[in-house]
Amino acid sequence: MAKEPVRVLVTGAAGQIGYALVPMIARGVMLGTDQPVILHMLDIPPAAEALNGVKMELVDAAFPLLKGVVATTDAVEACTGVNIAVMVGGFPRKEGMERKDVMSKNVSIYKAQASALEQHAAPNCKVLVVANPANTNALILKEFAPSIPAKNITCLTRLDHNRALGQISEKLNVQVSDVKNVIIWGNHSSSQYPDVNHATVNTAAGEKPVRELVKDDAWLNGEFITTVQQRGAAIIKARKLSSALSAASSACDHIRDWVLGTPEGTWVSMGVYSDGSYNVPAGLIYSFPVTCRNGEWTIVQGLSIDEFSRKKLDLTAEELSEEKALAYSCLS
Ligand SMILES: NC(=O)c1ccc[n+]([C@@H]2O[C@H](COP(=O)([O-])OP(=O)(O)OC[C@H]3O[C@@H](n4cnc5c(N)ncnc54)[C@H](O)[C@@H]3O)[C@@H](O)[C@H]2O)c1
Ligand SMILES: O=C(O)C[C@H](O)C(=O)O
């Protein structure tokens with residue numbers, strides 16, 4: 001029997017990530033090739049015409065799994081009945097703007113959209129925040145949508161996780177699909193800590209630790225970390241635009257693993273509401289290693305954290321605490 005369609009909201013759908021993401025969703029990349037979808041696309045009035053153009057293209061592409069498209073500038077209409085919400089919409093930093101100005105614009109948007117989701121989304125709607133500052137936008141969304149369980153609100157650090165897999169695969173000249181269990185700790189910013197201490201590579205001789213194969217701790221503790229931390233900026237420099245196809249693909253990975261589960265023996269990185277695991281302050285949206293089963297994520301417990309890592313976990317937590325304080329000062 002054919003499955004019931006799942007309603008997926010993409011905010012900022014007329015933007016660059018939106019343009020890459022909606023065809024992936026309509027092709028079954030996010031929820032599976034047997035899962036029909038109805039796309040809800042939200043953008044702001046100045047982008048309404050472009051948004052309608054995206055809708056026209058979705059119709060023209062004749063995706064068999066796509067059972068309907070809602071394209072709107074009305075947040076209530078966009079949020080009504082959605083099972084999954086991918087929050088890409090936001091205000092980009094413009095010339096002459098301070099960090100606080102961008103933060104202020106975005107936290108107001110996330111506060112307002114929190115209410116629309118809380119009141120109109122389907123029960124148990126899963127939320128992924130992509131727009132920057134992703135962790136803090138997700139936290140504000142959570143704080144202003146108290147009836148949505150905290151477990152349902154996450155932010156995207158899977159792109160950073162995938163970037164780390166990519167760097168290791170290039171260094172060792174192995175397939176990226178043979179590398180697993182890197183970890184992104186903390187903020188989706190340059191303070192994040194990409195950690196390979198528990199990562200492995202599938203080789204002809206079985207699973208081997210990344211550190212044993214790379215045999216270059218100076219690279220792993222130095223250039224590897226900064227390359228992953230700075231990759232977003234490097235893409236902006238090269239493209240004059242921020243990453244879009246990799247962000248869209250990683251957003252699909254995030255939701256797919258959350259809904260359909262992570263493979264046995266594999267974890268992924270997700271920005272989730274901290275419960276104090278690994279002595280990360282509770283009450284932040286912080287990226288942890290997680291496994292997913294039956295639509296729920298669980299933080300991987302019991303991993304050893306050496307002194308080098310401890311400092312890095314704490315540093316990115318400090319930045320998130322400061323962002324949280326700044327976000328609240330913008331709202332008051
Ligand atoms: N977490 C990550 O890994 C990651 C990676 C790449 C980019 N990003 C972030 O994702 C966001 C989107 O990037 P992009 O390149 O698609 O930007 P973009 O500027 O091309 O698109 C953003 C869209 O959001 C819309 N928008 C603005 N305010 C809105 C609102 N209140 N409601 C709905 N839509 C609204 C804009 O009109 C625009 O169409 C940015 O904040 C970017 O920094 C995050
Ligand atoms: O938009 C940015 O600043 C970069 C983006 O978050 C990315 O990681 O590519």
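Each ligand, and each atom within it, is numbered from 1 in the order the structure gives. These figures come from a predicted structure and were not determined experimentally.
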Original post:
Gly232 heavy atoms, cut-off 4.0 Å: which ligand 2 atoms fall inside?
Top reply: 7 (C), 8 (O), 9 (O)

Original post:
Looking at Thr291 and Thr266, what are the two nearest heavy atoms and their distance?
Top reply: CG2-O, 3.7 Å

**OP:** Starting from atom 27 (C) of ligand 1, locate the nearest protein heavy atom and write down its residue, its atom name and how far away it is, to 0.1 Å.
**Re:** Gly90 O, 3.1 Å

Original post:
So, does Thr316 use its side chain to make a donor-acceptor pair with the main chain of Leu313 at under 3.5 Å?
Top reply: no

Original post:
Judging by distance only, is a nitrogen or oxygen of Asp160 under 3.5 angstrom from one on ligand 1?
Top reply: no

**OP:** Report the part of His188 (side chain from C-beta onward, or backbone N, CA, C, O) that has a heavy atom under 4.0 Å from ligand 1; answer both or neither where that applies.
**Re:** side chain

**OP:** May I have the step-by-step check of side chain to side chain contact (heavy atoms under 4.5 Å, CB included) for Ser169 and Val174, ending in yes or no?
**Re:** CA-CA 5 Å; Ser169 103; Val174 297; 4.3 Å; yes

**OP:** Could you establish whether Ile235 and ligand 2 come within less than 4.0 Å of each other, counting only heavy atoms on the residue side?
**Re:** no

Subject >> For Ala131, the ligand 1 atoms whose distance to one of its heavy atoms is below 4.0 Å >> reply: 9 (C), 10 (O), 11 (C), 41 (O)

Subject >> atom 17 (O) of ligand 1: nearest protein contact (heavy atom, Å) >> reply: Gln16 N, 4.6 Å

Original post:
At their closest point, which heavy atom of Leu156 faces which heavy atom of Leu128, and how far apart are they?
Top reply: N-CD1, 3.5 Å

**OP:** Compare all side-chain heavy atoms of Tyr286 with those of Tyr278 and state whether any distance is below 4.5 angstrom.
**Re:** no

**OP:** Could you tell me whether some N/O pair between Val88 and ligand 1 is separated by less than 3.5 angstrom?
**Re:** no

Subject >> Any Gln229 heavy atom less than 4.0 Å to ligand 2 >> reply: no

Original post:
Using a heavy-atom cut-off of under 4.0 Å, does the side chain or the backbone of Arg239 touch ligand 2, or both, or neither?
Top reply: neither

Original post:
Do the side chains of Val280 and Phe288 get nearer than 4.5 Å, heavy atoms only?
Top reply: yes

Original post:
Between Ala247 and ligand 1, which residue portion shows a heavy-atom distance shorter than 4.0 Å: side chain, backbone, both, or neither?
Top reply: side chain

**OP:** Counting heavy atoms only, name the option from Ser250, Ala78, Gly12, Ala138 that's nearest to atom 34 (N) of ligand 1.
**Re:** Gly12

**OP:** Under 4.0 Å from a heavy atom of Arg163: give me the atoms of ligand 2 that qualify, with their elements.
**Re:** 7 (C), 8 (O), 9 (O)

Subject >> Of the listed options Asn132, Leu42, Thr11, closest to atom 43 (O) of ligand 1 (non-hydrogen atoms) >> reply: Asn132

Subject >> Nearest protein heavy atom with distance in Å, relative to atom 6 (O) of ligand 2 >> reply: His188 NE2, 2.7 Å

Original post:
Do any heavy atoms of Ala244 fall under 4.0 Å from ligand 1?
Top reply: no

Subject >> Pick from Ser189, Ser243, Ala233: the one approaching atom 9 (O) of ligand 2 most closely through a non-hydrogen atom >> reply: Ser243

Original post:
Please walk me through it: do Arg293 and Glu264 pass salt bridge (charged side-chain N to carboxylate O under 4.0 Å, His left out)?
Top reply: CA-CA 10 Å; Arg293 184 153 306 180; Glu264 198 55 45; 3.2 Å; yes

Original post:
More than 12 foreign heavy atoms under 6.0 Å from CD of Gln119: is that the case here?
Top reply: yes

Original post:
Looking only at protein heavy atoms, which one is nearest to atom 14 (P) of ligand 1, and how far off is it?
Top reply: Ile17 CG1, 3.9 Å

Original post:
Which option, Gln113, Arg158, His161, owns the non-hydrogen atom nearest atom 33 (C) of ligand 1?
Top reply: Gln113

Original post:
Taking atom 39 (O) of ligand 1 as the point of reference, which of Val130, Val129, Asp43 owns the nearest heavy atom?
Top reply: Asp43

**OP:** Please name the pair of heavy atoms, one in Ile140 and one in Lys111, separated by the smallest distance, quoted to 0.1 Å.
**Re:** CG2-N, 3.9 Å

Subject >> Region of Leu159 that comes within reach of ligand 1 [heavy atoms, distance under 4.0 Å] >> reply: side chain

Subject >> For Gly15, atoms of ligand 1 separated by under 4.0 Å from a heavy atom >> reply: 20 (O), 21 (O), 39 (O)

**OP:** Could you tell me whether Lys324 sits above the aromatic face of Tyr328, with NZ or CZ closer than 6.0 angstrom to the six-membered ring centre and within 45 degrees of the axis?
**Re:** no

Original post:
Got the closest protein heavy atom to atom 30 (C) of ligand 1, with its distance?
Top reply: Ile44 CG2, 3.5 Å

**OP:** Establish, yes or no, whether the cationic atom of Lys171 lies under 6.0 Å from the six-membered ring centre of Phe224 and within 45° of the ring axis.
**Re:** no

**OP:** Among all protein heavy atoms, pick the one closest to atom 1 (O) of ligand 2 and tell me residue, atom and distance.
**Re:** Asn132 ND2, 3.5 Å

Subject >> Exam field: side chain Asp178 to backbone Val201, donor-acceptor pair closer than 3.5 Å >> reply: no

**OP:** May I ask you to identify, for Ile109, whether its side chain, its backbone, both or neither come under 4.0 Å of ligand 1 on a heavy-atom basis?
**Re:** side chain

Original post:
Counting only N and O atoms by type, is there a donor-acceptor contact under 3.5 Å from the side chain of Lys126 to the main-chain atoms of Gly295?
Top reply: yes

Original post:
Any idea which protein heavy atom is nearest atom 19 (O) of ligand 1, and the distance to it?
Top reply: Pro92 CG, 4.2 Å

**OP:** Determine, using heavy atoms of Arg231 and all atoms of ligand 2, whether some pair is separated by less than 4.0 Å.
**Re:** no

**OP:** Return yes when atom CD of Glu212 has more than 12 non-hydrogen atoms of other residues, nucleotides or ligands closer than 6.0 Å, and no otherwise.
**Re:** yes

Subject >> For the student: nearest non-hydrogen atoms of His254 and Cys155, plus distance >> reply: CE1-O, 3.5 Å

**OP:** With the side chain counted from C-beta on, respond yes when Val88 and Val10 share a heavy-atom pair under 4.5 Å apart, and no when they do not.
**Re:** yes

Original post:
Is it the side chain (CB and beyond), the backbone, both or neither of Ser242 that lies under 4.0 Å from ligand 1, heavy atoms counted?
Top reply: side chain

